[in-house]
Amino acid sequence: MATRVIVVTGGVLSGLGKGIIAASLGNRLQARGYSVFTQKFDPYLNVDAGTLNPGEHGECFVTVDGAETDLDLGHYERFLDVELTRDSSIMSGQIYQAVIEKERRGEYLGKTVQVIPHITNEVKARIDQTCRHTKADFLIIEIGGTVGDIEGRHFLEAVRQYAIEHPRRVSVVHLAYLPYLHTSKEIKTKPVQNSLRDLQSLGIQPQLVFCRADYPVATEHLEKIAMFAGLPKKAVIPIPTLDTIYEVPLLLEEALADKLLLKYFGLRSPHEPKSLWTDLVKRIKGPKKRSVRIAMVGKYLSMNDTYFSVVEALKAACWAHNCDLVLDFVDAEKITDSGTRVLAKYDGICVPGGFGSRGVEGMIKAIEYARSKKIPYLGLCYGMQLAVIEFARNVLKLNGAHSTEINKKSPHTVISTMAEQEEILKDSHYGGSMRLGAYPCEIAKGSLAYRIYKQPLIHERHRHRYEFNNKYREQFEKTGKWHFSGISPDGKLIEIVELNEHPYFIACQFHPEFASRPHRPHPLFLGLIEAALRH
Ligand code: GLN
């Protein structure tokens with residue numbers, strides 16, 4: 001069947017969870033037997049999310065094919081259990097760049113280049129391209145920001161045109177915020193009405209309206225909004241604040257949102273078998289007998305969004321072990337200043353990915369603490385590089401050991417780029433640029449990594465510039481305490497390291513968190529939680 005397109009827009013304010021609504025709709029369509037792919041249109045003029053500050057924008061999610069994207073793609077992968085690609089992340093900068101490059105090549109034959117039709121045509125071409133590449137039954141497109149933003153206009157105009165060109169193949173759903181006034185103790189529908197009017201003034205009529213509200217919404221409010229939207233009442237669906245985001249698909253199911261959409265498209269709603277999701281939510285909300293305390297040591301204070309996928313992977317591992325997660329973000333700079341005492345109450349420590357020098361010495365102290373006190377430790381990317389530096393300094397006594405990212409003049413650059421290592425590995429092609437996307441890794445039999453993964457070859461996603469410096473391999477191995485248990489098939493790149501005499505000390509150069517799923521947690525996180533429970 002021709003791919004149907006569902007566009008999710010937002011109103012009143014951003015940060016309402018459009019990504020969760022888009023992903024949950026997809027989840028419902030999957031449950032009814034349809035295949036789903038997703039795409040996010042971001043209005044920023046950036047070309048990709050790689051250069052956006054994660055403290056401000058949340059984590060940079062990496063796809064298997066190496067695109068650096070918005071954290072919403074993580075929701076899609078977790079809710080839909082699909083692997084997305086470069087096609088899934090479109091930023092305005094990319095669209096403008098493509099148009100300007102065409103203009104420079106003279107492809108517009110001397111015509112005036114304009115937002116309409118050139119930018120909008122480029123947007124429509126991306127929709128077509130994604131439909132062609134994926135052949136999915138449904139393509140769900142989330143448009144970042146809110147309706148009415150100047151920056152997002154070209155996307156909405158492209159959607160308007162696309163819907164006219166493809167009758168009954170495009171549906172728009174709108175998510176807006178219903179505020180509550182404390183003084184008069186009432187829900188106000190005006191902002192939602194205004195955002196619907198904005199959408200309609202752009203020539204777009206939504207088929208469903210979701211109303212995000214922190215307080216109970218009465219039928220009369222829904223009726224009022226339905227009247228303004230020109231929709232039946234059942235097409236206006238309240239979205240209350242729930243215990244877990246994984247409950248949203250169940251809420252949409254109850255409201256028959258998927259059925260309404262399928263009806264609009266003239267498609268059947270096959271009866272579905274009981275979904276995995278119901279069991280997952282039961283498990284998440286069910287009582288737990290035990291809990292684990294995990295410290296995540298990093299430099300960002302608003303760490304929930306910054307490390308979203310890591311947090312979700314930790315949670316998923318706890319659900320699988322049927323225990324509660326007590327997760328604290330520990331500011332690495334505090335450890336630099338006042339030592340590791342704050343870490344005493346934790347059953348496990350995680351140092352996630354990161355860049356730059358801020359907080360690094362505190363993270364290294366935390367790793368030393370985990371190593372010497374035998375606290376379960378999981379290091380992710382930077383967390384592996386810093387574990388190497390800690391071992392070099394404190395066990396191998398290589399004073400001043402560091403990464404060339406922080407100190408190019410260090411006497412022992414145990415972490416450096418492949419280009420910097422070239423004197424030993426002349427034909428390396430990794431130097432200079434970021435290693436992005438999935439790469440293979442062979443796992444040594446008999447290692448902790450092998451016990452965790454239970455397979456000899458894995459593929460994991462990367463996003464980093466620096467690598468273990470191979471010049472130091474022998475020195476680490478000779479101690480008998482250190483194991484390079486995961487190495488690239490060509491033998492050049494260290495991917496996993498672990499300590500031999502430790503209950504659980506393992507660190508990887510890649511980002512396993514991106515591959516973790518709520519009902520299929522990543523084995524490295526499962527291992528950490530299991531070890532933390534034993535601790
Ligand atoms: N800053 C390190 C590098 O570029 C690690 C990056 C990361 O943790 N994602 O290699």
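One-based numbering, in listed order, for ligands and for the atoms of each.
- Among Phe510, Tyr466, Phe355, the residue whose heavy atom sits closest to atom 10 (O) of ligand 1 is Tyr466.
- Taking any N or O of Gln509, backbone or side chain, none lies under 3.5 Å from an N or O belonging to ligand 1.
- Under 4.0 angstrom from ligand 1, there are no non-hydrogen atoms of Met434.
- Checked against a 6.0 Å centroid threshold, the rings of Phe484 and Phe468 count as neighbours.
- In this structure, Trp277 and Tyr246 have perpendicular ring planes: the angle between them is above 60°, well past the 30° mark.
- Atom 6 (C) of ligand 1 has its closest protein heavy atom at Gly354 O, 3.3 Å.
- The backbone and the side chain of His464 each have at least one atom closer than 4.0 Å to an atom of ligand 1 (non-hydrogen atoms only).
- Outside the 6.0 Å centre-distance limit, the rings of Trp319 and His519 are not counted as a close aromatic pair.
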| task | Before giving the answer on side chain to side chain donor-acceptor pair (under 3.5 Å), spell out for Glu420 and Thr404 the whole-Å C-alpha distance, their side-chain angles and the decisive distance to 0.1 Å. | result | CA-CA 9 Å; Glu420 289 163 341; Thr404 51; 2.6 Å; yes
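- Contact annotation for Glu467 and ligand 1: no heavy atom of the residue comes within less than 4.0 Å of the ligand.
- Among Glu495, Arg473, Glu442, the single residue meeting the side chain to side chain contact (heavy atoms under 4.5 Å, CB included) criterion with Ile487 is Arg473.
- The shortest contact between atom 1 (N) of ligand 1 and any protein heavy atom is with Glu405 OE1, 2.6 Å.
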